[in-house]
Amino acid sequence: MLGDGNATSGPLARRRRATLAAERRASVQPVNGASAAACGSPVTAQPSVPGGGKKLERPSAPPPWAERKKRRAEAGDRLSCHKAQESLLSSASGYRNYRGILNWCVVMLVLSNARLFLENLLRYGILVDPIQVISLFLNDPYSWPAACLLIASNVFVLVALYTERQLSKGSFSECFGLVVHVINLATMLTFPAAVVLLVPSMTPVGGAVALGTYTILFLKLYSYKDVNLWCRELSTIKVKKLVRSLSCPLPQLSQGDEHKVCYPGNLTIRDMYYFVSAPTLCYELNFPRSPSVRMSFLLRRLFEMDMDLSRMTERLLRLAVPNHLLWLMFFYWFFHSSMNFTAELLCFGDRQFYRDWWNSESVTYFWQNWNIPVHKWCLRHFYKPLLRRGFGKMASQSAVFLLSAFFHEYLVSVPLRMFRLWAFTGMMAQLPLAWFVGRFLRGNYGNAAVWMSIIIGQPVAVLMYVHDYYVINYRQETD
């Protein structure tokens, strides 16, 4: 029975398999004469590209769950379009990109000034006399005392360089070199002041430019003297302890394409005049450098310098608080446009010439952040040396304000040829003001007090000088 069953089932099973194989062969659709048998595979053939032989793949349909998820999302968007979020101009939103608003301000300022310029030109014509503008700098066209003073400043720069070279070689003793530096620096303050006071053809504007330049050179050469002295001290320690000087860890160490300079390799004319031209008051052997000069950045800063000079004059004549707006525009023109222009031209890497002084909540914070080059110089060469000599913080801060008050009065009184001490008094008044604001005012109240001191304090001092200058020079003529 079992054998008969197997015998009878064998032909039937074979017939069923033959029938299934025939059905599979019939399901194959030949393309361009190619049959499924030619592919050597029993599965359904895939259509091929005519004349190419590369098979085409049919796009697979998205799974049903993806379609259901998409429909639910579309239904949710139709039913709800709100979520909890802050407005962009709210401080809680964290939004900080206001570039479009700044561009709008620039466009509105240009359009309003263009309209005003055309209106005044059509109504009054050209009122600026070039001869009067030149007369601000020159009383006598054949006498240029301010320009001569600027050219003569190179003598003091070369004396400082020569003295440092002799000190590095041991030709000058430290004591004699210090005497030469002191004489050179003292002459830098007294010589231009004497010329401004004694030469009749020197104008107040020319005198202010000359004295400002000499003051900047004085601070630069003082820093130059100190840093080279520190390098010599480190070299002495190196000789005694047989270790490398900390002023330059590896001689001629290459970092990228630039080489680090070691003392006394920095005592060159090129290095000295790079420092004199750089927008900083603190000397270093190796300044941070940018890789190249960006012409687009350079042209933007130059365009800003030209625009702001004309805008300063226009605002001084027309706005209700001209002194404060003039000061703000001078800050932007000098500390942002001019100094960035110079830094880009010299590939000077440290571009932090100011910090967020407009957020100052104390007078001390304002003076520490609105003029970073001067602050660095005072901290490095005046405040910290006083602390190392045993002076207290309060005494050292008072000494810094005293030095600043002297230079403010020096730059104002000498060109005007009158000594009223208004600038000196205004600077020294910052000490009790700083104590009062720091003790009694906080947050927005402190910031408002700082702004009030800037807006009111400076115009008061300016008006006092204008009044005294008018009384001294023009009162007799009007009488």
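Just so you know, residue 1 is the first one in the sequence shown, and it goes up from there. Just so it is clear, the values below take in all heavy atoms, side chains as well, and ignore hydrogens, waters and symmetry mates.
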Please name the pair of heavy atoms, one in [X] and one in [Y], separated by the smallest distance, quoted to 0.1 Å.
| X | Y | result |
| --- | --- | --- |
| Leu387 | Ser396 | CD2-OG, 3.6 Å |
| Val450 | Ser360 | CG2-O, 3.9 Å |
| Pro145 | Val199 | CB-CG1, 4.1 Å |
| Leu217 | Ser153 | CD1-CB, 3.5 Å |
| Ser223 | His381 | OG-NE2, 2.8 Å |
| Gly177 | Leu167 | CA-CD2, 3.9 Å |

Between the main-chain N or O of [Y] and the side-chain N or O of [X], is there a donor-acceptor pair closer than 3.5 Å?
| X | Y | value |
| --- | --- | --- |
| Tyr224 | Val276 | no |
| Asn266 | Leu285 | no |
| Glu409 | Leu421 | yes |
| Thr163 | Val159 | yes |
| Ser168 | Arg165 | yes |
| Arg289 | Asn286 | no |
| Tyr214 | Leu149 | yes |

To the closest 0.5 Å, what do you measure between [atom1] ([X]) and [atom2] ([Y])?
| X | Y | atom1 | atom2 | answer |
| --- | --- | --- | --- | --- |
| Leu328 | Trp358 | CG | CH2 | 11.0 Å |
| Ser338 | Tyr332 | OG | OH | 10.5 Å |
| Arg380 | Cys282 | CZ | SG | 5.0 Å |
| Thr268 | Leu161 | OG1 | CG | 7.5 Å |
| Phe407 | Leu402 | CZ | CG | 11.0 Å |
| Ile183 | Thr190 | CD1 | OG1 | 11.0 Å |

Any heavy-atom pair between the side chains of [Y] and [X] that's under 4.5 Å?
| X | Y | value |
| --- | --- | --- |
| Arg123 | Leu118 | no |
| Trp377 | Thr280 | no |
| Glu344 | Arg351 | yes |
| Phe436 | Arg439 | no |
| Tyr383 | His375 | no |
| Pro415 | Met202 | no |
| Phe335 | Asn340 | no |
| His408 | Leu411 | no |

Q: Could you walk me through whether Asn371 and Tyr354 pass side-chain contact (heavy atoms from CB on, under 4.5 Å), step by step?
A: CA-CA 5 Å; Asn371 189 342; Tyr354 55 89; over 6 Å; no
Should the ring pair [X] and [Y] be called parallel, tilted or perpendicular, given that the plane angle runs from 0 to 90° and is split at 30 and 60?
| X | Y | answer |
| --- | --- | --- |
| Phe156 | Phe191 | tilted |
| Phe331 | Trp370 | tilted |
| Tyr162 | Phe172 | perpendicular |

Q: Can you tell me which residue pairs pass the salt bridge (charged side-chain N to carboxylate O under 4.0 Å, His left out) test with a partner in residues 218-232, sequence neighbours excluded?
A: Glu164-Arg232, Glu174-Arg232
Q) Of all residues at least two apart in sequence or in a different chain, which pass the side chain to side chain contact (heavy atoms under 4.5 Å, CB included) check with Asn369? A) Arg355, Trp357, Tyr365
Q: For Leu211 and Tyr410, run side-chain contact (heavy atoms from CB on, under 4.5 Å): C-alpha distance rounded to whole Å, both residues' side-chain angles, the deciding distance at 0.1 Å, then the answer.
A: CA-CA 8 Å; Leu211 289 180; Tyr410 174 81; 3.4 Å; yes
Q: May I ask you to check whether over 12 heavy atoms, not counting those of Tyr445, lie within 6.0 Å of atom OH?
A: no
Q.
Can you confirm whether Ile269 is buried at CD1, in the sense that more than 12 heavy atoms of other residues, nucleotides or ligands lie under 6.0 Å from that atom?
A. no
**Q.** Ion pair check, Lys376 and Asp350, cut-off under 4.0 Å
**A.** yes
(Q) Please confirm whether the ring centroid of Trp435 lies under 6.0 Å from the ring centroid of Phe440. (A) yes
Q.
Please report whether the ring centroid of Phe406 lies less than 6.0 Å from that of Phe424.
A. no
Assess the side chains of [X] and [Y]: does a donor N or O sit below 3.5 Å from an acceptor N or O?
| X | Y | result |
| --- | --- | --- |
| Tyr283 | Asn228 | no |
| Tyr222 | His181 | no |
| Tyr273 | Asn154 | yes |

**Q.** Step-by-step side-chain contact (heavy atoms from CB on, under 4.5 Å) determination, Phe419 to Ser413
**A.** CA-CA 5 Å; Phe419 300 92; Ser413 292; 3.7 Å; yes
Q: Starting from the C-alpha separation in whole Å, work towards a yes-or-no answer on side-chain contact (heavy atoms from CB on, under 4.5 Å) for Leu221 and Met188.
A: CA-CA 10 Å; Leu221 295 184; Met188 286 190 68; 3.5 Å; yes
Q: Using side-chain hydrogen bond (donor to acceptor under 3.5 Å, both in side chains) as the criterion, list what pairs up with Gln166, not counting sequence neighbours.
A: Ser171
